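What you are looking at is a predicted structure, and each value in this text was computed from that prediction instead of being measured.
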Amino acid sequence: MSTFVVVNTYTHSVTYVTDKMLMSLKEIIRCSGLSPENFVADWKVLQDGISTWLNSRDLEAVHLEVFSSKTDTLIGRWDFDIYFGSSGDGGMWVDTDDIKYHIRKSGQWPSTCDYRVILTTKPGRPDVKGMSATSFRSTDGFVRQSLGTTIDGNGISTGTAYWRKVK
């Protein structure tokens with residue numbers, strides 16, 4: 001008699017990418033001079049949204065939008081564009097060093113700034129409790145800088161970029 005073990009690698013990839021995305025966002029917030037307190041308070045809702053929409057393949061991107069608490073204008077933004085592909089060799093990795101390098105390069109934000117995480121999805125995606133519709137602040141006067149892939153989860157990866165003010 002033979003025994004077989006079936007591992008749902010896609011579910012493992014969803015969990016891995018969700019966790020690495022949340023940890024990367026927290027690191028960006030912390031290293032950029034902002035308090036991660038609000039982010040940590042929203043962790044469960046964000047985790048539910050990201051994992052649900054990765055699992056259904058409806059998640060298009062995760063954005064960290066930083067804005068002035070006084071003027072409500074954009075100060076900066078990070079984008080994690082989601083790419084779904086075929087499973088690779090099972091390797092999973094995250095490049096936090098590249099993210100930290102670009103945080104240092106772009107500089108810290110004033111600690112008085114506010115931020116929010118926005119998830120963009122395909123139309124018709126399933127609803128997630130705690131998530132609601134919103135719109136982005138204008139990126140006029142900003143330029144997008146691409147880092148390339150920073151998270152690879154064996155079939156799910158992120159192309160990461162940040163927005164900086166044009167001088």
Side-chain angles (χ1 to χ4, degrees), residues 12-54 59-85 88 91-121 128 130-132 134-167:
H12 184 67
S13 294
V14 166
T15 301
Y16 180 84
V17 171
T18 299
D19 290 346
K20 296 307 177 192
M21 180 112 35
L22 290 169
M23 292 304 293
S24 295
L25 289 167
K26 183 179 175 190
E27 192 71 6
I28 292 167
I29 291 165
R30 192 184 62 73
C31 290
S32 297
L34 304 176
S35 170
E37 187 177 330
N38 291 339
F39 179 76
V40 172
D42 291 338
W43 189 281
K44 177 73 171 114
V45 172
L46 292 168
Q47 185 177 44
D48 289 349
I50 293 169
S51 64
T52 297
W53 293 329
L54 281 176
L59 187 63
E60 295 178 325
V62 176
H63 312 271
L64 173 66
E65 189 180 64
V66 180
F67 54 96
S68 168
S69 57
K70 293 180 179 160
T71 64
D72 198 42
T73 58
L74 188 69
I75 300 294
R77 192 172 99 191
W78 281 79
D79 298 336
F80 290 85
D81 298 318
I82 308 298
Y83 302 106
F84 297 98
M92 296 185 175
W93 54 268
V94 61
D95 190 350
T96 54
D97 289 340
D98 198 24
I99 292 171
K100 288 177 186 176
Y101 168 79
H102 283 87
I103 292 169
R104 286 191 304 274
K105 185 177 172 183
S106 63
Q108 290 196 334
W109 294 310
S111 61
T112 57
C113 290
D114 283 328
Y115 60 86
R116 65 184 180 157
V117 176
I118 300 171
L119 308 182
T120 53
T121 60
V128 173
M131 294 287 175
S132 61
T134 191
S135 57
F136 289 100
R137 287 170 175 80
S138 173
T139 55
D140 288 348
F142 286 80
V143 62
R144 191 174 195 252
Q145 302 289 144
S146 179
L147 280 65
T149 303
T150 58
I151 301 172
D152 191 345
N154 192 30
I156 307 170
S157 61
T158 67
T160 306
Y162 67 96
W163 293 78
R164 66 171 177 79
K165 204 125 172 92
V166 177
K167 295 182 181 186

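Side-chain atoms of Y115 come within 3.5 Å of backbone atoms of S35 as a donor-acceptor pair (strictly under, hydrogens ignored). Checking side-chain atoms of T18 against main-chain N and O of Q47 turns up no donor-acceptor pair under 3.5 Å. S13 contributes a side-chain N or O that, together with a main-chain N or O of G153, makes up a donor-acceptor pair within less than 3.5 Å. Although no hydrogens or angles enter the test, the distance criterion places no donor-acceptor pair under 3.5 Å between the side chain of D97 and the main chain of I99. Between the side chain of S106 and the main chain of I103, a donor-acceptor pair closer than 3.5 Å is present. In this structure a side-chain-to-backbone donor-acceptor pair under 3.5 Å is present from Y16 to W93.
Put simply, OG on S32 and CD1 on I75 are 12.5 Å apart, with the number rounded to the nearest 0.5 Å. To the nearest 0.5 Å, atom CE of residue M21 and atom OG1 of residue T160 are 7.5 Å apart. In this structure, the separation between CG on L59 and OG1 on T120 is 6.5 Å, given to the nearest 0.5 Å. To the nearest 0.5 Å, atoms CH2 (W53) and CD1 (I82) are separated by 12.5 Å. A distance of 12.5 Å separates CD1 of I50 from OG1 of T121, quoted to the nearest 0.5 Å. Residue M131 holds its CE atom at 5.0 Å from CG of L46, rounded to the nearest 0.5 Å.
When every heavy atom of I151 is checked against every heavy atom of S24, the shortest pair comes out as CD1-OG, 4.0 Å. A pairwise comparison of heavy atoms in D98 and H102 identifies O-ND1, 3.0 Å as the closest pair. The two residues E65 and R77 come nearest to each other via the heavy atoms CA-CG, 4.1 Å. When all heavy atoms of T71 and T73 are compared, the pair lying nearest together is OG1-OG1, 2.7 Å. Between F80 and L25, the closest heavy-atom pair is CE1-CD2, 3.7 Å. Of all heavy-atom pairs spanning W163 and D79, the tightest one is NE1-OD2, 2.7 Å.
By the 4.5 Å heavy-atom criterion applied to side chains, V66 and W78 are not counted as neighbours.
Under the ring-ring contact (aromatic ring centres under 6.0 Å, His included) criterion, F136 pairs with H63, sequence neighbours left out. Residues forming a side chain to side chain contact (heavy atoms under 4.5 Å, CB included) with D72 (at least two apart in sequence, or on another chain): F67, R137. A search for side chain to side chain donor-acceptor pair (under 3.5 Å) contacts involving D42 returns nothing, not counting sequence neighbours.
A salt bridge does not link D114 to R116: none of the charged nitrogens lies less than 4.0 Å from a carboxylate oxygen.
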When you look at M92 and K20, which way does the side-chain contact (heavy atoms from CB on, under 4.5 Å) test go after all the steps? CA-CA 10 Å; M92 296 185 175; K20 296 307 177 192; over 6 Å; no

